[in-house]
Amino acid sequence: MMEFLNQALEALTPYLIEVITLAVVIVVVPQLKALMKQFGIKQFIENEKEIVMDAMYFAERVFKHLDGKQKWNMAKAKAVEKAKKAGLKIKEEDIDDIIDTFVEEFDFDWDES
């Protein structure tokens, strides 16, 4: 009898693992989505973009006389400042990437740094 149970368990183990994995995915993924929404991950990303875009428009308006690279640097400095004031921890590399994306996407006439 014991041998039969061991053989049955061995035969069913791969299926049990699949069922458990599927159950975890079905239960955990919605919970993760809810947590991300609760903690505002999407909102954080939107705030990052908004801060950088505001800084870019600020640099464009205030520093019209500067060349593109200088405006780029001024926008980055302003974005870092605004992020700190807002209590957001944004990596400078992320700010660089967002500025580069916006320069291309919105056709800012700035040199890339």
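Residue L12 holds its CG atom at 11.5 Å from CD of Q7, rounded to the nearest 0.5 Å. Atom CG of D54 is separated from atom NZ of K82 by 4.0 Å, given to the nearest 0.5 angstrom. To the nearest 0.5 Å, atom CG of residue N47 and atom CG of residue L88 are 5.5 Å apart. In this structure, the separation between OG1 on T101 and CE on M53 is 10.0 Å, given to the nearest 0.5 Å. I95 CD1 to E48 CD: the interatomic distance, rounded to the nearest 0.5 Å, is 7.5 Å.
Among D100, I99, I98, the one residue that satisfies the side chain to side chain contact (heavy atoms under 4.5 Å, CB included) test with F102 is I98.
For the pair E81 and K78, the salt-bridge criterion is met [side-chain N within less than 4.0 Å of a carboxylate O].
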Steps toward side chain to side chain contact (heavy atoms under 4.5 Å, CB included) verdict (L9, L16):
CA-CA 9 Å; L9 187 57; L16 290 174; 4.2 Å; yes

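In this structure, V103 and M56 approach most closely via the heavy-atom pair CG2-CE, 3.8 Å. Closest of all the heavy-atom pairs between A55 and A75 is CB-O, 3.3 Å. I90 and A83 make their closest contact through CD1-CB, 3.7 Å (heavy atoms, listed as atom of the first residue, atom of the second, distance).
Under a hydrophobic clustering in which Ile, Leu, Val, Met, Phe, Trp and Tyr are joined whenever their side-chain heavy atoms come within less than 4.5 Å, directly or via other members, F58 and L66 fall into the same cluster.
The closest side-chain heavy-atom distance from D96 to W72 is below 4.5 Å.
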